Amino acid sequence: MALPNLSDEERRAALKKAAEARQARAELKKKLKSGSVSLKELLNKSGDPIVGRMKVGNLLESLPGVGKARATKKMEDLEISPTRRVQGLGANQRANLLKEFA
């Protein structure tokens, strides 16, 4: 698929939008790490484009006491693909994640 030809103004707008989305995801992960927001709350907001487009692995790594190795192992145990995003989780996968990390 060919990339669309964007004007300089459209390109700047797209870059600004992407930077804002990255900043919003970083803020959510920081809140999750500090405990001011729970995993359950974030999973319930999967319709939000910022939350829904986060990768599950990155989200789990932001939990207190969970690192890359533990997050990867738990995702394998729960049969969740490493590339899965929050919006793509099924009901059973959500329930299993909450049971495992709540």
Side-chain angles (χ1 to χ4, degrees):
M1 185 169 139
L3 294 175
N5 291 328
L6 300 175
S7 69
D8 287 342
E9 186 177 315
E10 291 171 327
R11 180 169 289 141
R12 276 193 294 276
L15 288 171
K16 183 180 178 190
K17 184 178 176 184
E20 290 170 354
R22 284 191 301 272
Q23 187 175 10
R25 282 192 294 272
E27 185 64 32
L28 278 175
K29 290 194 286 186
K30 203 182 301 181
K31 286 181 180 179
L32 185 62
K33 187 80 160 176
S34 70
S36 61
V37 68
S38 70
L39 179 62
K40 184 176 183 175
E41 290 172 321
L42 285 181
L43 290 178
N44 288 336
K45 291 183 182 179
S46 64
D48 177 9
I50 298 298
V51 177
R53 292 184 182 135
M54 291 177 75
K55 290 196 175 183
V56 176
N58 290 342
L59 189 65
L60 294 179
E61 290 171 24
S62 299
L63 288 168
V66 179
K68 188 169 184 71
R70 184 169 177 219
T72 302
K73 174 73 171 121
K74 290 298 179 183
M75 286 180 62
E76 286 174 5
D77 292 346
L78 299 174
E79 297 179 0
I80 299 173
S81 169
T83 59
R84 176 71 62 207
R85 296 187 186 272
V86 173
Q87 67 188 3
L89 286 172
N92 289 336
Q93 290 173 326
R94 285 176 198 275
N96 290 338
L97 279 174
L98 289 174
K99 189 185 316 178
E100 198 67 41
F101 292 103

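Computed from a predicted model, the values in this text were never measured in an experiment.
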**Asked** Closest approach of G57 and A71, non-hydrogen atoms and distance?
**Response** O-CB, 4.2 Å
**Prompt:** Considering residues, nucleotides and ligands other than Q23, do more than 12 of their heavy atoms fall under 6.0 Å from its CD?
**Reply:** no
**Message:** Here's a test for you: under side-chain contact (heavy atoms from CB on, under 4.5 Å), which of L59, V86, L78 qualifies with L97?
**Reply:** L78
**Item:** Spacing of NZ belonging to K29 relative to CE belonging to M54, to within rounding of 0.5 Å
**Value:** 5.5 Å
**Request:** Could I get the full list of salt bridge (Lys or Arg N to Asp or Glu O under 4.0 Å) partners for K33, not counting sequence neighbours?
**Result:** none
**Complete:** Correct closest heavy-atom pair for R70 and V66 would be NH1-CG2, 3.5 Å
**Prompt:** Passes side chain to side chain contact (heavy atoms under 4.5 Å, CB included), E27 versus K30? Steps please.
**Reply:** CA-CA 5 Å; E27 185 64 32; K30 203 182 301 181; 4.1 Å; yes
**Message:** Among residues at least two apart in sequence or on other chains, which ones pass salt bridge (Lys or Arg N to Asp or Glu O under 4.0 Å) with K74?
**Reply:** E100
**Asked** What's the shortest heavy-atom distance between S38 and E41, and which atoms?
**Response** N-OE1, 2.8 Å
**Smallest separation among heavy atoms of L28 and L42, with atom names** = CD2-CD2, 3.8 Å
**Asked** In this structure, are over 12 heavy atoms from other groups packed under 6.0 Å from D77 atom CG?
**Response** yes
**Prompt:** Looking only at heavy atoms, what is the nearest atom pair of L60 and M75, with distance?
**Reply:** CD1-CG, 3.7 Å
**Asked** Are R12 and L15 close enough that some pair of their side-chain heavy atoms sits under 4.5 Å apart?
**Response** no
**Request:** Sequence neighbours left out, what pairs pass side chain to side chain donor-acceptor pair (under 3.5 Å) with at least one residue falling in residues 44-63?
**Result:** S46-R94
